[in-house]
Asker: 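First the structure, which I've put down as structure tokens, then a few questions once you've had a look.
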Amino acid sequence: MEKDMTKGRPLPVILKFMLPLIIGNIFQQLYNMADTIIVGRYVGADALAAVGSTGTIMFLTVGFSQGITAGFSVLTAQRFGAKDTEGVKISVANGILLSLIFTVLISSLSLLGMRPLLKLMNTPDNIFQDAYTYIMIISAGIIATIFYNLFSSYLRAVGNSKIPLVFLVFSAALNVILDLVLIINFKMGVAGAALATIISQGVSAILCLVYIYIRMPSLAPNRRHWKLHGQESRNQLAMGIPMALQFAITASGTMVMQSAINLFGSVAVASFTAASKVQNLVTQGMMAMGQTMATYSGQNFGKGDIKRIRQGVKAALEASVVYALAAAVLVCILLKPALGLFFTGDVDMNSMLPWAKTYIYMSVIFYIPLSSIFVFRNTMQGCGYGFLPMMGGVSELVARLVVAMISMAVGSYALACFCDPAAWVTAAVFTGVSYLFVMKDIRRKYEKPETAASEK
């Protein structure tokens, strides 16, 4: 079930690895959508707005968790590419121990700071308590999210993108069942939706761990590996922290955007939430391409094949342009029928649709720069460069902050929606230029002079 991505034509290798990731990411979005759809239909539009208003906070905590665990697995991918079997096991054990430490830190900070954060984000009074209940349960169970992402990242690092998909599909089905039972049968409202998410992710994490020990001995640490190694910790933190901060900085920008959206009331928040869920679903291929390029570049960097990395990036960008155009068409087609899934018949859809259309129609124009961000950012991270991708997150934050502040000052919902496109264009330019710098730096440091000269 391992896949060596240092061999074969780049595009077929990339697409074959990427396909299970797309399916898995879509299922992840589907079970996230299940929360909002079931809450919206069986609890009400205000409850949907409450769950939606916490989306950017979830992106902050969950994104930080994804970033830190993905960073820990970069070293695993590089050592797998270098055929360093012992180093792979050491990196896995060390990453698990570091993840336990970060679980305590992230949970504690999230639980302590949640109420003032919701107030700072202008969360409407009529949905505040539901929003607080939902996000507190998610924060308390962050250990499930962290370790599912960690174990999945380790499997992908050695080229196994299929098994995380299998467990994610199972988790998605379990989440929907638990949503229905806890919300409809036990009348638990938004608390039931949060518990369903945490339980289903926890089950997936356990299944991944069991699979690694039974079927992937190359990843399973032995007793002698279970200790914190100083050099391993420095290497993993050097990648994990910048990647986590990149997610956190990007999430901070989306929180600023959500604060601007919140000013327009619960109808606007609910409409924006539903539209965002539909958009997130159809753009998952972009994220899957980024995940693929992290593994691809990590393995090839470990082998020292820099030329192959550049070939892969070119192929990935071409495929991403095609996907971006298809996603733009698809989201426009799906928007109106998909919105009906989120609300019961007594909700006036005519009042919801204009808010949703404003955001979606503005965003689709900029899907191509959005897709390129994932290729450039994850390629750099796979090669061990964490600072510049993190600064790409800073460029997104600045763009969102400027546009959001203007939108709040003039009271423009359209400008609030433009926060995302502004951030995507800014980050695409920054990460594209950064990628060129990184590849030049890699050639200078690692390529043999005669090889570099022959490629000019």
Asker: Between S218 and V88, is there a side-chain heavy-atom distance shorter than 4.5 Å?
Answerer: no
Asker: Applying side chain to side chain contact (heavy atoms under 4.5 Å, CB included), run through V398 and T426 and close with a yes or a no.
Answerer: CA-CA 9 Å; V398 172; T426 304; over 6 Å; no
Asker: Check the pair R234, Q231 against side chain to side chain donor-acceptor pair (under 3.5 Å), reporting the backbone distance first and the verdict last.
Answerer: CA-CA 5 Å; R234 285 189 288 272; Q231 188 59 47; 3.2 Å; yes
Asker: Which atom names give the shortest non-hydrogen contact between P164 and S152, and what distance separates them?
Answerer: CB-OG, 4.0 Å
Asker: Indicate yes or no for a side-chain donor-acceptor contact from Q66 to the backbone of M243 under 3.5 Å, with no hydrogens or angles considered.
Answerer: no
Asker: Is the shortest heavy-atom distance from the side chain of L195 to the side chain of L178 under 4.5 Å?
Answerer: no
Asker: If only atom types and distance count, is the side chain of T295 paired as donor or acceptor with the main-chain N or O of G159 below 3.5 Å?
Answerer: no
Asker: K162 and P20: which non-hydrogen atoms are nearest, and at how many Å?
Answerer: CG-CG, 4.0 Å
Asker: When you measure from the side chain of N300 to the backbone N and O of M5, does any donor-acceptor pair fall under 3.5 Å?
Answerer: yes
Asker: Going through the checks in order, is the side chain to side chain donor-acceptor pair (under 3.5 Å) test met by T145 and Q201?
Answerer: CA-CA 6 Å; T145 303; Q201 286 189 335; 2.5 Å; yes
Asker: Nearest 0.5 Å please: distance from the OG1 atom of T431 over to the CE atom of M391.
Answerer: 13.0 Å
Asker: Start with the C-alpha gap between Q258 and N262, add the side-chain angles, then the distance that decides, and say whether side chain to side chain donor-acceptor pair (under 3.5 Å) holds.
Answerer: CA-CA 6 Å; Q258 185 69 55; N262 288 347; 2.9 Å; yes
Asker: Taking all non-hydrogen atoms of both residues, which atom of M114 and which atom of M136 are closest, and how far apart?
Answerer: CB-SD, 3.7 Å
Asker: Any chance you could measure I199, atom CD1, to D179, atom CG, to the nearest 0.5 Å?
Answerer: 10.0 Å
Asker: How long is the span from the CD1 atom in I163 to the SG atom in C208, to the nearest 0.5 Å?
Answerer: 8.5 Å
Asker: Can you check whether S233 reaches N94 side chain to side chain, under 4.5 Å on heavy atoms?
Answerer: yes
Asker: Donor-acceptor pair, S107 side chain versus V104 backbone, under 3.5 Å?
Answerer: no
Asker: Would you indicate whether M405, at its atom CE, is surrounded by more than 12 heavy atoms from other residues, nucleotides or ligands within a distance under 6.0 Å?
Answerer: no
Asker: Using only atom types and a distance under 3.5 Å, with no angle test, would you say the side chain of K303 pairs donor to acceptor with the backbone of K83?
Answerer: no
Asker: Using side chain to side chain contact (heavy atoms under 4.5 Å, CB included), reason through M362 and D420 one step at a time and then give a plain yes or no.
Answerer: CA-CA 9 Å; M362 190 177 295; D420 271 348; over 6 Å; no
Asker: Is there a side-chain contact between T103 and F147, using heavy atoms and a 4.5 Å cut-off?
Answerer: yes
Asker: Which pair of heavy atoms, one from A404 and one from C419, lies closest together, and at what distance?
Answerer: N-SG, 3.5 Å
Asker: Rounded to the nearest 0.5 Å, how far does CG of L219 lie from CG of L209?
Answerer: 11.0 Å
Asker: If we ignore hydrogens and angles and just use 3.5 Å, is the side chain of E232 paired with the main-chain N or O of V92 as donor and acceptor?
Answerer: no
Asker: Taking the side chain as every heavy atom from C-beta outward, state whether M239 and L75 have any atom pair closer than 4.5 Å.
Answerer: no
Asker: Angle between ring planes, W424 versus Y367, binned at 30° and 60°: parallel, tilted or perpendicular?
Answerer: tilted
Asker: Is atom OH of Y213 surrounded by more than 12 heavy atoms (other residues, nucleotides or ligands) closer than 6.0 Å?
Answerer: yes
Asker: One pair to check against side chain to side chain contact (heavy atoms under 4.5 Å, CB included): L245 and F64. What are the steps and the verdict?
Answerer: CA-CA 7 Å; L245 289 177; F64 190 94; 4.3 Å; yes
Asker: Donor-acceptor pair, distance only, cut-off 3.5 Å: does the side chain of T379 make one with the backbone of F376?
Answerer: no
Asker: Any non-hydrogen side-chain atom of Q279 less than 4.5 Å from a side-chain atom of I360?
Answerer: yes
Asker: Can a donor-acceptor pair be found, under 3.5 Å and without considering hydrogens, that links the side chain of S73 to the backbone of A70?
Answerer: yes
Asker: May I have the step-by-step check of side chain to side chain donor-acceptor pair (under 3.5 Å) for S91 and T76, ending in yes or no?
Answerer: CA-CA 6 Å; S91 71; T76 307; 2.8 Å; yes
Asker: Report the C-alpha distance between N280 and Q284 in whole Å, list the side-chain angles of each, state the deciding distance to 0.1 Å, and finish with yes or no for side chain to side chain contact (heavy atoms under 4.5 Å, CB included).
Answerer: CA-CA 6 Å; N280 288 342; Q284 285 307 301; 4.3 Å; yes
Asker: Please name the pair of heavy atoms, one in L111 and one in A140, separated by the smallest distance, quoted to 0.1 Å.
Answerer: CD2-N, 4.0 Å
Asker: When rounded to the nearest 0.5 angstrom, what distance separates CG in L388 from CZ in R377?
Answerer: 12.0 Å
Asker: Tell me, do L317 and V321 make a side-chain contact under 4.5 Å, heavy atoms counted?
Answerer: no
Asker: With a 6.0 Å cut-off (strictly less than), is the heavy-atom count around NZ of K7, excluding the residue itself, greater than 12?
Answerer: no
Asker: V39 versus Y134: any side-chain heavy-atom pair under 4.5 Å?
Answerer: no
Asker: Roughly how far, to the nearest 0.5 Å, is CD of Q381 from OG of S297?
Answerer: 9.0 Å
Asker: Should the ring pair Y359 and F272 be called parallel, tilted or perpendicular, given that the plane angle runs from 0 to 90° and is split at 30 and 60?
Answerer: perpendicular
Asker: Any sub-3.5 Å donor-acceptor pair from S99's side-chain atoms to G95's backbone N or O?
Answerer: yes
Asker: For A356 and A275, which heavy atoms make the closest approach, and how far apart are they?
Answerer: CB-CB, 3.8 Å
